[in-house]
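Below is one structure; the comments refer to it alone.
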Amino acid sequence: MNKTNFIIFITAFLLGTSYTIFKIITGEKIGFNEFLFFSMLLMLYLPTITTKIERNEEEKRQIAEKSSKISYFLLLLFLFLAVLVEDILTGEINTLLAGVLALGMVTLPLVEFFMMKKYHS
């Protein structure tokens, strides 16, 4: 990451953190926008660090494949925990969240099936 990008990242991070702290002090609710801002900031920053690590193309492909699969299963775990916590707290299961969990559970096997069919044809 070059110096200019780093300064932009730090500035954005400090502005976002300051605004969030200001909202906490003034008693305002911290909402979706704050979570989204920090998530997007990290989403843009982390790949710039990762690309500096020298690897050959085959290693990069394997790393991307493994990290994608790990991320998929972690996301499924988080969705399952969200459905479970919602059920414990309210006594009802959020239908939309349960539907997304069910869709997530079949996504990887379905995509793998279609990719296998594509490469066998």
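What you see is a predicted model; the values in this text were computed from it and never measured. Along the sequence shown, residues carry numbers from 1.
Contact annotation: the side chain of Glu92 never approaches that of Glu86 to less than 4.5 Å [non-hydrogen atoms, C-beta and beyond]. Looking at Phe73 and Leu108, their side chains come closer than 4.5 Å, going by heavy atoms from C-beta outward. In this structure, the side chains of Leu79 and Val100 come closer than 4.5 Å at one or more pairs of heavy atoms.
Note that CG of Leu41 is 9.0 Å distant from CD1 of Ile10, once rounded to the nearest 0.5 Å. The line from CG of Leu84 to CG of Leu97 is 11.0 Å long, rounded to the nearest 0.5 Å.
No path of Ile, Leu, Val, Met, Phe, Trp and Tyr side chains, each step under 4.5 Å between heavy atoms, connects Met40 with Leu15, placing them in separate hydrophobic clusters. Transitive grouping of hydrophobic side chains (ILVMFWY, heavy atoms separated by less than 4.5 Å) brings Leu14 and Phe6 into a common cluster. Note on Leu42: it does not cluster hydrophobically with Leu36, by side-chain heavy-atom contacts below 4.5 Å among ILVMFWY residues. At a threshold of 4.5 Å between side-chain heavy atoms, the hydrophobic network of Ile, Leu, Val, Met, Phe, Trp and Tyr places Val83 and Leu89 in two separate groups. Cluster annotation: Phe9 is connected to Leu46 through the hydrophobic network of ILVMFWY side chains, with a link wherever side-chain heavy atoms come within less than 4.5 Å.
For Thr17, the side-chain contact (heavy atoms from CB on, under 4.5 Å) partners at least two apart in sequence or on another chain are Phe13, Ile21, Phe38. Scanning for side chain to side chain donor-acceptor pair (under 3.5 Å) contacts around Glu59 gives an empty result, with sequence neighbours left out.
The shortest heavy-atom contact between Met105 and Pro109 is O-CD, 3.5 Å. Smallest separation of non-hydrogen atoms from Leu76 and Leu101: O-CD1, 3.7 Å. What you find for Leu103 and Thr107 is that their closest heavy atoms are O-OG1, 2.6 Å.
Salt bridge annotation for Glu65-Arg61: present, with a cationic side-chain nitrogen under 4.0 angstrom from a carboxylate oxygen.
The side-chain hydrogen bond (donor to acceptor under 3.5 Å, both in side chains) contacts involving residues 66-83 comprise Lys69-Glu112, where partners must be two or more places apart or lie in separate chains.
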